[in-house]
Amino acid sequence: MSRYNARVVEPKWQQAWDKAEVFTAKRDPDREKYYVLEMFPYPSGRIHMGHVRNYTMGDVVARYKNATGFNVLHPMGWDAFGLPAENAAIEKGVNPGAWTYQNIDDMRAQLKMLGLSLDWSRELAVCDAEYYGQQQAMFIDMMGAGLAYRKNAVVNWDPVDMTVLANEQVIDGKGWRSGAPVERRELTQWFFRISDFSGELLDALDGLTEWPEKVRLMQQNWIGKSRGLQFSFDLTAPQGEISQVEVYTTRPDTLMGAGFVGISPDHPLAKSLEADNPDLAAFCTDCRRMGTSEADLETAEKKGFDTGLRVKHPLDPDWELPVWIANFILMDYGTGAIFGCPAHDQRDLDFSRKYGLPVVDTFTALENGAPVTDLAFVPPKTETVQWINHFAGLDVANGQEAIDVTIRFAEAAGWGRGVTNYRLRDWGVSRQRYWGCPIPVVHCDDCGVVPEKKENLPVELPKDVTFDKPGNPLDWHPTWRDTACPKCGKPARRETDTMDTFVDSSWYYARFTAPRATSPTIAEDAEYWMNVDQYIGGIEHAILHLLYARFFARAMNLTGHLPKSAIEPFKALFTQGMVTHETYATSGSDGRPVWRTPDEVDKTDSGAVLRATGEPVEVGPIIKMSKSKKNVVDPADIIDQYGADTARWFVMSDSPPERDVEWTASGAEAAWKHLQRIWRLTVEIAAADTSENAAADLALAKATHRAVHEVTQGIEKFAFNKSVAKLYEFANTLAKSDAGGAAKRRAMLVMSQLMQPMTPHLAEEIWTTLGGEGLVAQARWPEVDPAMLVDDSMTLPIQVNGKRRSEITVSKTMPKEEVEKLVLADQAVLKYLAGQPVKKLIVVPGRIVNVVV
RNA sequence: GCGGGCGUGAUGGAAUGGUAGACAUAAGAGACUUAAAAUCUCUGGGCCUUUGUGCCGUGCGGGUUCGAGUCCCGCCGCCCGCACCA
């Protein structure tokens with residue numbers, strides 16, 4: 001019997017699809033379109049199992065939708081700008097562009113081996129001048145619309161390497177290469193006004209009904225709408241120009257419990273004090289060393305410094321509060337100053353206890369009026385509490401009522417105003433790096449900051465750059481900066497900042513609708529193909545990428561590059577889990593683990609050993625495949641050994657798509673065995689005579705319809721693992737069936753159609769072997785006859801007091817009364833009733849019966 | 001620290017609030033074979049002086065319900081994000 005040889009079969013069908021241009025998308029207003037998109041990869045050079053899983057999921061959807069009659073757009077591109085190319089340049093002396101394009105060539109070749117139904121004619125890389133030139137045009141339009149502007153912002157500065165560091169390059173407050181303590185430095189940088197859209201981006205989340213609830217919730221919390229009170233504390237004595245400290249609080253009702261006023265180390269008041277107070281200046285400098293990430297600030301030890309200044313309480317001129325600088329207060333949020341209410345905020349309480357500041361209760365629990373000791377009393381805003389001393393006369397009220405009353409009281413009295421605040425900050429897009437999209441502006445001594453003329457776009461990155469000096473090579477380039485002012489023509493300098501790579505990925509979905517256009521988009525194409533009907537990617541992009549893309553689509557709409565209907569570019573979103581693997585390590589001479597790749601390790605009954613030396617190997621936790629832990633399986637090896645269909649089948653089976661999947665060698669082996677089994681069945685069926693066996697034929701036809709129904713349901717609901725399980729079941733049924741040859745042939749043809757989205761090459765081979773017409777990739781998805789799904793009798797479980805005690809076989813349509821009679825006559829039921837009267841008899845038709853005594 | 005999620009046999013997992021463990025893997029037994037591989041068949045959560053339509057069992061502790069893996073409250077553990085990794 002001929003063995004199925006993936007190495008021969010797979011390229012054959014890939015060529016057949018190419019030749020027939022099966023996956024080339026053409027705009028056709030007479031057909032309903034379906035746009036499926038997976039988050040495009042960074043071209044690291046090798047695809048990994050996460051890619052295989054991500055792109056197979058998208059491919060299953062694309063192939064299924066194609067089979068159900070949609071005009072499918074399924075494109076692929078490269079998120080090709082970013083740090084790794086510069087790191088490679090520094091470490092290996094390669095040119096970032098050359099390195100990137102080589103990686104793209106390598107990865108494209110690997111992806112093509114997977115047999116994905118991609119329209120490669122639309123391929124793009126964000127580092128193509130053809131792409132980023134259009135991005136520059138949009139940047140200029142955004143400047144014109146007031147959506148892009150410059151302001152000062154802090155960056156991580158490495159004082160030894162004299163360069164700006166990304167957050168991931170700051171390890172324990174030190175530069176990753178130099179090891180020098182990182183400083184915060186202010187630079188003038190470009191920003192997008194995403195915060196103007198805070199309310200809009202928040203409200204529109206309600207319309208994203210096909211997004212995971214958790215992602216919408218994460219975005220909602222990120223945008224962070226709050227209602228609070230803004231007011232000022234008067235300083236008892238002015239400090240220079242400053243006589244007040246303005247604060248924003250979401251709990252103004254706790255004002256009578258204020259213990260101190262806290263300001264950010266970057267607050268103007270703190271800065272004005274630094275000149276005369278070396279200790280205070282040292283404290284602020286220390287705070288500024290922490291790095292800029294919020295996680296760093298929040299997890300650091302909470303520290304404060306008493307400025308010695310005092311402010312007056314707005315409700316009691318005799319009440320003075322100390323002003324402290326605190327390292328956990330962010331200048332970017334609210335006013336950069338707060339009042340601390342230790343009795344009702346754990347962080348403020350810890351801070352107050354640490355520095356001996358007063359703790360004043362403002363309310364207590366209704367049933368327990370004990371004062372706060374080491375645990376702050378922080379009830380939900382909906383809980384009613386007893387007020388001790390409320391200036392607006394509250395006695396018993398819940399937190400939300402108290403906040404509303406307080407804001408009204410302050411507004412009426414004229415010392416404060418209700419303010420709606422958002423946590424969302426404007427999007428800083430400047431990067432002091434080479435390998436990114438140049439910001440297309442020119443600095444002119446006379447005209448200031450001037451956008452480049454559109455006819456001069458793209459502002460191309462120079463190719464002749466060196467990385468022997470730290471910092472941005474664009475700054476060191478001998479000629480690239482020199483240009484003429486677009487306004488007055490005098491010599492001027494190009495902006496050397498490039499754009500955040502999140503900008504590149506904020507509109508590629510739109511560019512795919514017209515990837516070769518000489519404008520960012522083409523109206524007819526955008527109108528037809530947008531929005532993305534199904535977007536698929538990692539949960540790690542739940543907030544930033546997806547929020548930026550939502551903003552950018554709005555900005556593109558305002559600047560005329562997308563229709564209004566495309567401001568929510570992703571109609572449905574699916575977030576898939578990671579591919580994980582066990583980790584393996586031997587112990588190094590210094591006692592630290594030396595990570596080992598799975599193919600270096602042999603697993604034996606007595607434990608894992610290193611194949612080469614027999615040295616024992618520690619089997620570690622199952623974690624995301626990563627180069628640093630070496631727990632990677634190279635898809636290319638798997639494809640080489642078993643073929644693409646096996647890899648695709650494995651990543652679709654077992655684990656639900658939204659959860660992590662563990663790659664195991666036995667799982668891959670099992671996937672391969674199953675596909676071989678299907679092929680053996682096919683060969684058998686192809687050789688069988690065409691006899692009939694009425695009863696078995698009907699049973700197999702019914703099983704076929706059930707399989708179609710259930711596999712379809714699985715795909716529709718993104719439960720590919722369940723579709724796979726049903727296909728296993730169907731295969732078992734088919735293998736055991738006594739049906740005649742003709743019936744089996746019909747069943748196997750349907751099997752190949754159902755398998756086509758997951759294992760397209762094998763499916764074609766089955767289809768053609770059994771005489772299917774044309775390509776199975778172009779065959780119409782099989783229809784279900786509902787009549788074939790109906791079973792007339794069923795097993796009905798019977799519980800007594802909630803425990804399963806018996807079962808009866810009944811017709812599905814049997815009336816309740818008859819079921820009840822049968823149940824009460826059942827021997828097992830009678831035994832458990834033991835003569836006790838039946839209190840209640842619950843019959844859930846078609847489900848279960850519960851007898852309660 | 002804050003925000004979000006997840007937790008079911010040896011393993012991956014299945015289960016509109018209704019028979020917990022579908023389907024698959026590891027393992028064990030058997031068939032075929034000179035033998036092995038491949039293939040096929042069976043067993044496959046735990047417990048037992050009662051082998052019984054027995055008892056226990058979905059991270060831990062409570063609760064709601066005729067009935068909870070599923071809903072609610074409180075813990076524990078792991079994962080993702082935290083604005084310059086992509």
Side-chain angles (χ1 to χ4, degrees), chain A residues 39-42 44 79 81-84 155-156 164-170 189 194 212-215 217-222 224 292-300 302 328 332 346-347 423-433 500-502 504-505 538-545 547-548 575 577-578 580 621 623-624 653-656 658-662 664 666-667 669-671 673-674 676-677 680 719 721-722 724-729 732 735 795-807 827-828 831-832 839-842 844 846-853:
Chain A
M39 290 180 187
F40 63 167
Y42 181 81
S44 61
D79 192 12
F81 273 137
L83 277 180
V155 294
N156 298 308
V164 177
L165 298 177
N167 281 336
E168 72 156 9
Q169 297 174 320
V170 179
Q189 308 201 63
I194 189 173
E213 187 62 41
K214 63 180 170 183
V215 174
L217 194 57
M218 284 159 88
Q219 292 214 353
Q220 182 186 316
N221 290 335
W222 184 261
T292 55
S293 87
E294 193 177 316
D296 281 350
L297 296 178
E298 292 286 329
T299 50
K302 308 289 180 285
F328 53 83
D332 288 319
Q346 192 60 45
R347 185 184 65 188
R423 205 182 75 97
L424 182 64
R425 308 198 295 260
D426 273 341
W427 175 11
V429 295
S430 286
R431 297 292 180 270
Q432 294 71 39
R433 306 188 189 288
D500 178 9
T501 56
F502 273 126
D504 312 329
S505 55
I539 185 69
E540 66 271 23
H541 295 294
I543 296 174
L544 292 179
H545 162 59
L547 193 58
Y548 289 152
T575 55
M578 301 175 299
T580 61
I623 55 171
K624 179 181 178 174
S653 56
D654 288 355
S655 283
E658 68 276 12
R659 254 197 254 179
D660 294 349
V661 63
E662 187 198 353
T664 58
S666 60
E669 173 88 17
K673 278 186 192 171
H674 178 70
Q676 287 292 344
R677 181 179 181 222
R680 275 199 312 277
N721 57 319
K722 287 186 225 166
V724 168
K726 295 304 171 190
L727 285 168
Y728 270 112
E729 236 168 40
N732 291 340
T795 305
L796 194 65
I798 304 172
Q799 297 180 329
V800 177
N801 283 338
K803 280 183 198 275
R804 184 185 170 281
R805 296 301 185 188
S806 183
E807 61 185 31
Q827 286 305 311
K831 177 184 150 197
Y832 281 98
K839 255 195 229 158
K840 210 170 175 183
L841 188 58
I842 295 151
V844 184
R847 277 286 173 193
I848 204 165
V849 178
N850 194 6
V851 187
V852 185
V853 295

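Every chain is numbered from 1 and lettered A, B, ... according to where its sequence line falls, protein lines coming before strand lines. For the numbers below, each heavy atom of this structure counts, side chains included, while hydrogens, waters and symmetry mates do not. Model, not experiment: these values are computed from the prediction.
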If every non-hydrogen atom of [X] is compared with every non-hydrogen atom of [Y], which pair is closest and at what distance?
| X | Y | answer |
| --- | --- | --- |
| A:L83 | A:A166 | CD1-CB, 3.9 Å |
| A:F40 | A:S505 | CE2-CB, 3.7 Å |
| A:Y42 | A:G82 | OH-O, 4.4 Å |
| A:K214 | A:I539 | CE-CD1, 3.7 Å |
| A:R804 | A:P797 | NE-CB, 4.4 Å |
| A:A542 | A:V215 | O-CG1, 3.6 Å |

So, is [X] close to the [N] phosphate, meaning a side-chain N or O under 4.0 Å from OP1 or OP2?
| X | N | answer |
| --- | --- | --- |
| A:S653 | B:A24 | no |
| A:N167 | B:C82 | no |
| A:Y728 | B:U25 | no |
| A:S655 | B:G12 | no |
| A:R805 | B:U53 | no |
| A:N721 | B:A14 | yes |

Base, sugar-phosphate alone, or nothing: which one does [X] contact when heavy atoms must sit under 4.0 Å apart?
| X | answer |
| --- | --- |
| A:N732 | sugar-phosphate |
| A:L424 | base |
| A:F502 | base |
| A:G82 | sugar-phosphate |
| A:V164 | base |
| A:S505 | nothing |
| A:H674 | nothing |
| A:G538 | nothing |

Quick one: are [X] and [Y] in side-chain contact, heavy atoms under 4.5 Å?
| X | Y | answer |
| --- | --- | --- |
| A:I842 | A:V849 | no |
| A:N732 | A:R677 | yes |
| A:R805 | A:V851 | no |

Identify each atom pair where a protein N or O and an N or O of nucleotides 56-59 of chain B are less than 3.5 Å apart, giving names and distance.
{"residue": "B:C56", "atom": "OP2", "partner": "A:K803", "partner atom": "NZ", "Å": "3.4"}

Between the main-chain N or O of A:I194 and the side-chain N or O of A:D426, is there a donor-acceptor pair closer than 3.5 Å?
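Flag set: sc A:D426 to bb A:I194 pair under 3.5 Å.
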Could you tell me whether a side-chain N or O of A:N850 sits under 3.5 Å from a main-chain N or O of A:G802, the two making a donor and an acceptor?
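The answer is yes, because a donor-acceptor pair under 3.5 Å joins these two groups.
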N/O contacts under 3.5 Å, protein versus nucleotides 38-40 of chain B?
{"residue": "B:C40", "atom": "OP1", "partner": "A:R677", "partner atom": "NE", "Å": "3.3"}

Could you tell me how far apart [X] ([atom1]) and [N] ([atom2]) are, to the nearest whole angstrom?
| X | N | atom1 | atom2 | answer |
| --- | --- | --- | --- | --- |
| A:L727 | B:A22 | CG | P | 18 Å |
| A:D504 | B:C84 | CG | P | 14 Å |
| A:K839 | B:C66 | NZ | C1' | 10 Å |
| A:E729 | B:G13 | CD | P | 19 Å |
| A:I842 | B:U19 | CD1 | C1' | 16 Å |
| A:D654 | B:G21 | CG | P | 19 Å |
| A:Q799 | B:G17 | CD | P | 16 Å |
| A:K726 | B:A22 | NZ | P | 11 Å |

What's the gap between [N] and [M] when it is taken at their [atom1] atoms, as a whole Å value?
| N | M | atom1 | answer |
| --- | --- | --- | --- |
| B:A37 | B:G45 | P | 26 Å |
| B:U16 | B:U50 | C1' | 40 Å |
| B:G17 | B:U70 | P | 11 Å |
| B:U25 | B:G21 | C1' | 14 Å |
| B:G69 | B:G13 | C1' | 13 Å |

Could a donor-acceptor pair under 3.5 angstrom be found where the side chain of [X] meets the base of [N]?
| X | N | answer |
| --- | --- | --- |
| A:Q189 | B:C84 | yes |
| A:Q432 | B:C84 | yes |
| A:N850 | B:C66 | yes |

Salt bridge (charged side-chain N to carboxylate O under 4.0 Å, His left out) against [X], all qualifying residues, sequence neighbours excluded:
| X | value |
| --- | --- |
| A:R423 | A:E294 |
| A:R425 | A:D332 |
| A:R433 | none |
| A:D504 | none |

Separation between CD of A:E807 and CD1 of A:I848, rounded to the nearest 0.5 Å
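These two atoms lie 11.0 Å from each other.
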N/O contacts under 3.5 Å, protein versus nucleotides 1-6 of chain B?
{"residue": "B:G1", "atom": "O2'", "partner": "A:E298", "partner atom": "OE1", "Å": "3.4"}
{"residue": "B:G3", "atom": "O3'", "partner": "A:N221", "partner atom": "ND2", "Å": "2.9"}
{"residue": "B:G3", "atom": "O2'", "partner": "A:N221", "partner atom": "ND2", "Å": "2.9"}

Tell me the stems RNA chain B sits in, counting at least three consecutive Watson-Crick or G-U wobble pairs, each under 3.5 Å on both distances.
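Counting only runs of 3 or more consecutive pairs, the stems involving RNA chain B are B:1-7 with B:76-82, B:10-12 with B:23-25, B:27-31 with B:39-43, B:45-47 with B:54-56, B:59-63 with B:71-75.
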Can you work out whether A:P656 or A:T795 has the more 5'-proximal nearest nucleotide on RNA chain B?
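Going by which nucleotide is closer to the 5' end, it is A:P656.
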Start at the 5' end of RNA chain B and walk down; is the nucleotide closest to A:R804 or to A:K840 reached first?
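Going by which nucleotide is closer to the 5' end, it is A:R804.
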Partners passing side chain to side chain donor-acceptor pair (under 3.5 Å) against A:Q220 (at least two apart in sequence or in another chain):
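By the side chain to side chain donor-acceptor pair (under 3.5 Å) rule, A:Q220 matches no residue at all.
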Contacts of type ring pair (Phe, Tyr, Trp, His ring centres under 6.0 Å), residue A:F502, not counting sequence neighbours:
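Applying ring pair (Phe, Tyr, Trp, His ring centres under 6.0 Å) to A:F502 gives A:Y548.
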Using ring pair (Phe, Tyr, Trp, His ring centres under 6.0 Å) as the criterion, list what pairs up with A:H541, not counting sequence neighbours.
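If we apply the ring pair (Phe, Tyr, Trp, His ring centres under 6.0 Å) test to A:H541, skipping adjacent residues, the hits are A:H545.
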All N/O contacts under 3.5 Å from nucleotides 44-48 of chain B to the protein, with atom names and distances to one decimal?
none

In terms of base orientation, is B:G9 syn or anti, with the syn window spanning 90° either side of 0?
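Judged by the O4'-C1' to base torsion, B:G9 sits in syn, the angle falling within 90° of 0.
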